[in-house]
Amino acid sequence: MSLPIIKVHWLEQSRAFRVLWLLDHLKLEYEIIPYKRDANFRAPPELKKIHPLGRSPLLEIEDRETGKKKILAESGFIFQYILQHFDHSHVLMSEDSDIADQINYYLFYSEGSLQPPLMMEFVLSKVRESGMPFPISYLAGKVASKISQAYSQGEMKNQFDFVEGEISKNNGYLVDGKLSGADILMSFPLQMAFQRNFATPEEYPAISKWLKTITSEGSYDISKEKAQALGSKF
């Protein structure tokens with residue numbers, strides 16, 4: 001039975017890179033349909049023609065025999081679908097049900113628990129850097145700092161401490177001491193955390209080493225070259 005046609009509706013400078021990396025690591029053939037961000041760094045309206053939410057990544061699966069298509073949205077669900085339907089050799093998903101459950105947990109944890117405080121802290125940092133005139137800038141900065149201290153700073157630390165502990169006790173990976181779909185999906189928010197100085201290698205050496213380890217995979221370089229050719233910067 002032949003594999004379906006796989007198309008990735010891919011937005012430049014976005015989390016959609018992880019889907020390319022997942023597919024490349026599994027050595028699956030796929031087509032990239034690229035989209036450029038608008039002047040406000042938003043996704044273009046063309047994506048809404050593919051899915052009503054107009055967000056990326058979107059995965060299009062087409063049956064070669066019937067031509068029937070399905071559109072998959074949400075990174076965690078896309079990962080779960082790919083691992084379930086295409087990772088028959090258990091390259092990134094375990095055949096052990098308990099370990100598989102741990103991997104699946106991170107597919108939900110990444111967007112459900114880790115990403116929200118990171119996004120809030122990012123938005124608050126933009127408020128502080130907005131360039132508003134004094135005294136509005138002073139007041140806005142004070143409000144942003146109060147919100148950060150009350151919620152996002154402490155919650156980020158809680159999440160980072162958890163991930164640091166999990167990597168430390170799993171021989172340098174998130175699950176079972178080896179690369180899995182969980183590591184690839186979790187890469188983006190933690191890379192952004194370090195790039196935005198929300199976390200440092202000194203505070204979180206296990207996460208820092210983990211990021212270096214997983215991004216040294218050959219599949220990462222393959223996907224990176226494809227993304228760079230389409231305009232993404234690393």
Side-chain angles (χ1 to χ4, degrees), residues 1-11 14-33 47 50-116 162-163 166-167 170-191 210-211 213-215 217-224 226-227:
M1 184 177 178
S2 60
L3 290 174
I5 298 169
I6 302 173
K7 297 180 182 179
V8 181
H9 293 268
W10 174 87
L11 179 65
S14 76
R15 289 176 280 181
F17 171 78
R18 296 175 295 181
V19 177
L20 306 189
W21 185 6
L22 178 71
L23 293 169
D24 282 325
H25 197 85
L26 294 176
K27 296 181 169 56
L28 294 169
E29 293 185 4
Y30 64 94
E31 177 186 350
I32 302 174
I33 301 176
L47 269 171
I50 310 301
H51 189 279
L53 291 177
R55 302 180 66 185
S56 175
L58 297 172
L59 195 72
E60 183 178 335
I61 306 291
E62 180 180 349
D63 188 289
R64 293 181 185 273
E65 296 179 0
T66 66
K68 184 178 180 180
K69 296 181 182 179
K70 61 177 68 175
I71 300 295
L72 310 180
E74 299 297 338
S75 297
F77 177 62
I78 290 171
F79 266 61
Q80 188 179 56
Y81 185 94
I82 292 172
L83 292 170
Q84 180 181 347
H85 289 84
F86 302 127
D87 190 10
H88 303 302
S89 299
H90 304 291
V91 176
L92 293 172
M93 173 56 78
S94 178
E95 55 188 334
D96 182 298
S97 61
D98 290 334
I99 296 173
D101 285 343
Q102 293 176 44
I103 294 170
N104 280 323
Y105 164 75
Y106 283 106
L107 304 187
F108 292 87
Y109 167 82
S110 179
E111 301 293 318
S113 293
L114 179 59
Q115 194 68 46
F162 167 70
V163 175
E166 293 300 298
I167 292 173
N170 281 291
N171 297 317
Y173 292 90
L174 285 167
V175 181
D176 197 34
K178 62 182 181 181
L179 186 74
S180 72
D183 297 287
I184 293 177
L185 189 69
M186 287 278 287
S187 62
F188 180 87
L190 292 166
Q191 282 177 318
W210 165 81
L211 280 171
T213 298
I214 65 173
T215 56
E217 292 282 342
S219 54
Y220 178 84
D221 290 331
I222 291 170
S223 304
K224 182 178 174 180
K226 292 177 181 178

OG on Ser75 to CG on Leu22, rounded to 0.5 Å: 10.5 Å

Side-chain touch Pro189/Ser110, heavy atoms, less than 4.5 angstrom: yes

Side-chain heavy atoms of Ile5 within contact of Arg64, under 4.5 Å: yes

Heavy-atom check, side chain of Asp176 versus side chain of Gln102, under 4.5 Å: no

Between Trp10 and Ser56, a side-chain donor and acceptor under 3.5 Å: no

Distance (rounded to the nearest 0.5 Å) between Lys226 NZ and Leu20 CG: 7.0 Å

Aromatic ring pairing Trp21/Phe17, orientation class (parallel under 30°, perpendicular over 60°, tilted between): tilted

Leu59 CG to Ile71 CD1 distance, which is reported to the nearest 0.5 Å: 8.0 Å

Exercise: identify the closest heavy-atom pair between Asp183 and Lys178: OD2-O, 3.5 Å

Closest non-hydrogen atom pair, Leu92 against Asp87: N-OD2, 2.7 Å

Heavy-atom check, side chain of Leu179 versus side chain of His25, under 4.5 Å: yes

Electrostatic pair Arg18-Glu111, nearest N-O below 4.0 angstrom: yes

Heavy-atom closest contact (Arg55 atom, Leu58 atom, distance): O-CG, 3.1 Å

Step-by-step side-chain contact (heavy atoms from CB on, under 4.5 Å) determination, Ile6 to Ile82: CA-CA 10 Å; Ile6 302 173; Ile82 292 172; over 6 Å; no

Inter-residue atom distance Trp210.CH2 - Leu190.CG, 0.5 Å rounding: 5.0 Å

Side-chain donor or acceptor of Ser94 paired with backbone N/O of Asp96 under 3.5 Å: yes

Met93 versus Asn104, closest heavy-atom pair with distance: CE-OD1, 3.6 Å

Heavy atoms from other residues, nucleotides or ligands near CD of Gln191 exceed 12 (cutoff 6.0 Å): yes

Ring pair (Phe, Tyr, Trp, His ring centres under 6.0 Å) partners for Phe77, two or more places apart: none

For Ala182 against Tyr106, the heavy-atom pair lying closest together: CB-CB, 3.6 Å

Phe86 ring center near Tyr30 ring center (under 6.0 Å): no

Separation between OH of Tyr109 and CG of Leu114, rounded to the nearest 0.5 Å: 4.5 Å

Atom pair NZ (Lys69) and CD (Glu60), whose distance is rounded to the nearest 0.5 Å: 4.5 Å

Considering all heavy atoms, the nearest Tyr220-Thr215 contact: CD2-O, 3.2 Å

Sub-4.5 Å side-chain heavy-atom contact between Leu3 and Glu29: no

